[in-house]
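Below, each value reflects all heavy atoms present in this structure, side chains not excepted, and no hydrogens, waters or symmetry copies.
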Amino acid sequence: MCADVKYGWNKQAEWLLLDQKGIQLAHVLLESSLDEEILTFRLEDGSQKDLMDFMDLGEVSVVNPDKGINLSCTPLRQTPNRIIVKRNSIAYFELRRDLRVPVQFESYIYPLSGMWKGRQEIRSVDISCGGIGFSSPTALTDGEQLEVVLPVTSYPLVVQCQVLHHRKLDDEMTFYAAKFIEMRGDEEAMIRKAVFNIQLQNRRKGL
């Protein structure tokens, strides 16, 4: 069975172009079938300036975190808006929902079932495809449901979550672990892509 059929392939899905060290170089869109040996990718706006030495890279990876596909490729040709590569191998991976990656950002939560009102500030600790860890001075209870703003996705996303457990950090702050609930498919895809991007950034920083 061909890869396109097996994965219900959408050619407009976004891919990430990585060098041999796993450093993200550009966002690209696939314009050919995965079954072809020679693949064409269209560069998204703003990526051209980051690929001045593309033909000298030797080997690159082109990854789609939504479908769990990792292509090992050799650069063949580059135009102002496209790259053409030879597909050497194709591998499939699964990004575990419980794989937590460290990340820090300031954001807000809003109550759904708690006794408090308004919005409260939080600082993230980590995030996974299935939930988020954060610290906050707000007193939350295990099982409480709330909304959290995620600024690390392609555009800020507001999702529902449920507090699983907590522990005191000091007199002012408490750590909370929460799982995402009631998510749509497009929201899951955005969070999965954000988690993958954070993994790449952390690897680049040596974290």
Measure the shortest side-chain to side-chain distance between [X] and [Y] over non-hydrogen atoms and say whether it is less than 4.5 angstrom.
X	Y	value
Phe41	Leu71	yes
Leu150	Ile132	yes
Val60	Ile83	no
Val62	Leu39	no
Leu146	Cys161	yes
Val149	Phe105	no
Val159	Glu147	no
Val163	Thr141	no

Considering residues at least two apart in sequence or located in another chain, which fulfil the salt bridge (Lys or Arg N to Asp or Glu O under 4.0 Å) criterion with [X]?
X	answer
Arg119	none
Glu144	none
Glu106	Arg123
Lys86	Glu37

Going by the rule side-chain hydrogen bond (donor to acceptor under 3.5 Å, both in side chains), which residues pair with [X] if we only count those two or more places apart in sequence or in a different chain?
X	result
Ser72	Glu59
Asp142	His166
Arg77	none
Thr40	none

* Look only at the side chain of Ser113 and the backbone of Gln145, and say whether a donor-acceptor pair between them is shorter than 3.5 Å. => yes

* Asked: Where the side chain of Thr174 meets the backbone of Thr138, is there a donor-acceptor pair that is under 3.5 Å apart?
  -> no

* Sequence neighbours excluded, every pair satisfying side chain to side chain donor-acceptor pair (under 3.5 Å) that has a member inside residues 148-163 -> none

* Could you go through the side-chain contact (heavy atoms from CB on, under 4.5 Å) check for Gln120 and Tyr108 one step at a time? => CA-CA 5 Å; Gln120 298 294 329; Tyr108 299 97; over 6 Å; no

* For Ile84, what are the other residues in its hydrophobic cluster, where any two members join if their side-chain heavy atoms are less than 4.5 angstrom apart? -> Ile38, Leu76

* Scan residues 167-184 for pairs that pass salt bridge (charged side-chain N to carboxylate O under 4.0 Å, His left out), counting only residues two or more places apart or in two chains. => Arg184-Asp186, Arg184-Glu187

* Asked: With sequence neighbours excluded, what pairs up with Phe134 under the ring pair (Phe, Tyr, Trp, His ring centres under 6.0 Å) test?
  -> Tyr176

